[in-house]
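Residue numbers start from 1 in every chain, and the chains themselves are labelled A, B, ... in the order their sequence lines are given, proteins ahead of strands. The figures here come from the full heavy-atom set of this structure, side chains too, leaving out hydrogens, waters and symmetry mates.
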Number of protein chains: 2
Amino acid sequence: MKDTRGRIVSAAAGLIAEKGFKRTSVDDVIERADLSGKSHFYHYFKSKEELGLEVLGRQFESFAERGLVILREPLIHPMERLHLFIDSLVALQTERGFRVGSPFGTLATEMADLHEGFRERLVQVFDRWAAQIEALLWEARPMLNPDADTRRLARFLIATLEGALMMSKVNRDAEMLRAIAADLKRFVSSHLREGVPA
Amino acid sequence: MKDTRGRIVSAAAGLIAEKGFKRTSVDDVIERADLSGKSHFYHYFKSKEELGLEVLGRQFESFAERGLVILREPLIHPMERLHLFIDSLVALQTERGFRVGSPFGTLATEMADLHEGFRERLVQVFDRWAAQIEALLWEARPMLNPDADTRRLARFLIATLEGALMMSKVNRDAEMLRAIAADLKRFVSSHLREGVPA
DNA sequence: GCGTTTTTGGACTGACTAGTCCTAATTAGG
DNA sequence: CCTAATTAGGACTAGTCAGTCCAAAAACGC
């Protein structure tokens, strides 16, 4: 159970989150993952690109497990779950000192036009994320206005969150991020049917 | 009026918008701007970094002139102006085939941790942008709910727009962008006082 | 023990990077 | 016409990068 491959992916994930894909060199990864040299790395990955795709995949898996899991928590009220999820993103970004933009935002902007494979993968990632939120909203459908478009709403939520995280990376301002998060919650609430407790 | 310096900035702006700052090499700029060589470039800029800052500044100036100018149009109703502004961003992104993320979003994510000077400049850029929107909202204040926080609202708008543009770059989906833009307008409208025409 | 997988270590290629230096031709402007 | 700004062209430094190749030690599985 040495899991060298996993160690490489973890090291790369950290570096990419900090510096971006392009600026993360294979040598950086080798150092961080404590490998003996280039050959050691290329024993596990045939290219840096392959590593990038793997990181992207793994990144989403862990996000799906640790982050999105809140969205599926069956015992908590759907809307409450959404609030918790938003809060967890804010907390994560605050913890990390606003150095990271979003789990995928950083990757998205630079990788999208770097390689078509990356872009397609990112589309999938955002789609799955949106699907999770949509499922939650669907669950809360009885409480929503009948004209509420859950698919649209889900994508709106993600866009705002991504934008807010990106801006907080530039501003390094916790207050702004919290304010946007709060407004976002209010926005979702505004789609609630009147008379139904949020 | 040869304005070589301006030609360099334009060339660099285009390249940076497409590929990002780091991946835009000085040689790329030299080729695009049709310069004779390195010395020609360094006759006008002492470093690539100086060029980056200039592009960032110029980028905002042109955005302020061509884009933000709608926000100040005195003859049009404030809310209508905001709608026109949002539409213009959507149109711009559609025109460009979703290759660019946002006027600053791309620059933001990669430049923010590249150099402290870049980050500070970006903070200014976003602040000025937010100030413009806030001024518009302030103008529309009599129509807004008394509890509406114009500053917060302005930053929320920008975050959502940035996020939407970023996602449209990944998705290359015009429909999604339009949907988010429409929802965003509705969001602003929800802050309007009842009984007052939007 | 034996074969396979993994690890180690380093040399090396070829391409690209920002930036410097030097010289000379060309083009304005006053 | 003369001077200064601009353009031209190229050589060069010193660094980074991804990726290849080779050979041998070490660890592991059976």
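Atom NZ of Lys38(A) and atom C1' of dC17(D) are 7 Å apart (whole Å). Rounding to whole angstrom units, NZ of residue Lys48(B) and C1' of dT20(C) are separated by 17 Å. Between the P atom of dC28(D) and the NE2 atom of His43(A) lies a distance of 14 Å, rounded to the nearest Å. As rounded to whole Å, 13 Å separates atom P of dT6(D) from atom CZ of Arg7(B).
Which of dA18(C), dT7(D), dG9(C) sits closest to the side chain of Ser36(A) comes down to dG9(C). Each of dC21(C), dG10(C), dT6(D) was ranked by its minimum atom distance to the side chain of Ser39(A); first place goes to dG10(C). Comparing dT7(C), dT7(D), dA18(C) by their nearest atom to the side chain of Tyr44(A) picks out dT7(C). Nearest nucleotide to the Tyr42(A) side chain, out of dT20(D), dT7(D), dA18(C): dT20(D).
Exactly one residue among Arg32(B), Lys169(B), Arg23(B) makes a salt bridge (Lys or Arg N to Asp or Glu O under 4.0 Å) with Glu18(B). That residue is Arg32(B).
Figure legend: Arg5(A) and Phe45(A) shown as a cation-pi pair, the cationic atom lying under 6.0 angstrom from the six-membered ring centre and within 45 degrees of its axis. The cationic atom of Lys48(A) (NZ for Lys, CZ for Arg) lies less than 6.0 Å from the six-membered ring centre of Phe21(A) and within 45° of the ring axis.
Side-chain atoms of Ser47(B) stay outside donor-acceptor range of the base of dG19(C), with no qualifying N/O pair under 3.5 Å.
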(request) Any chance you could lay out the salt bridge (Lys or Arg N to Asp or Glu O under 4.0 Å) test for Asp183(A) and Arg155(B), step after step, and finish with the verdict? (result) CA-CA 10 Å; Asp183(A) 289 344; Arg155(B) 291 192 297 186; over 6 Å; no

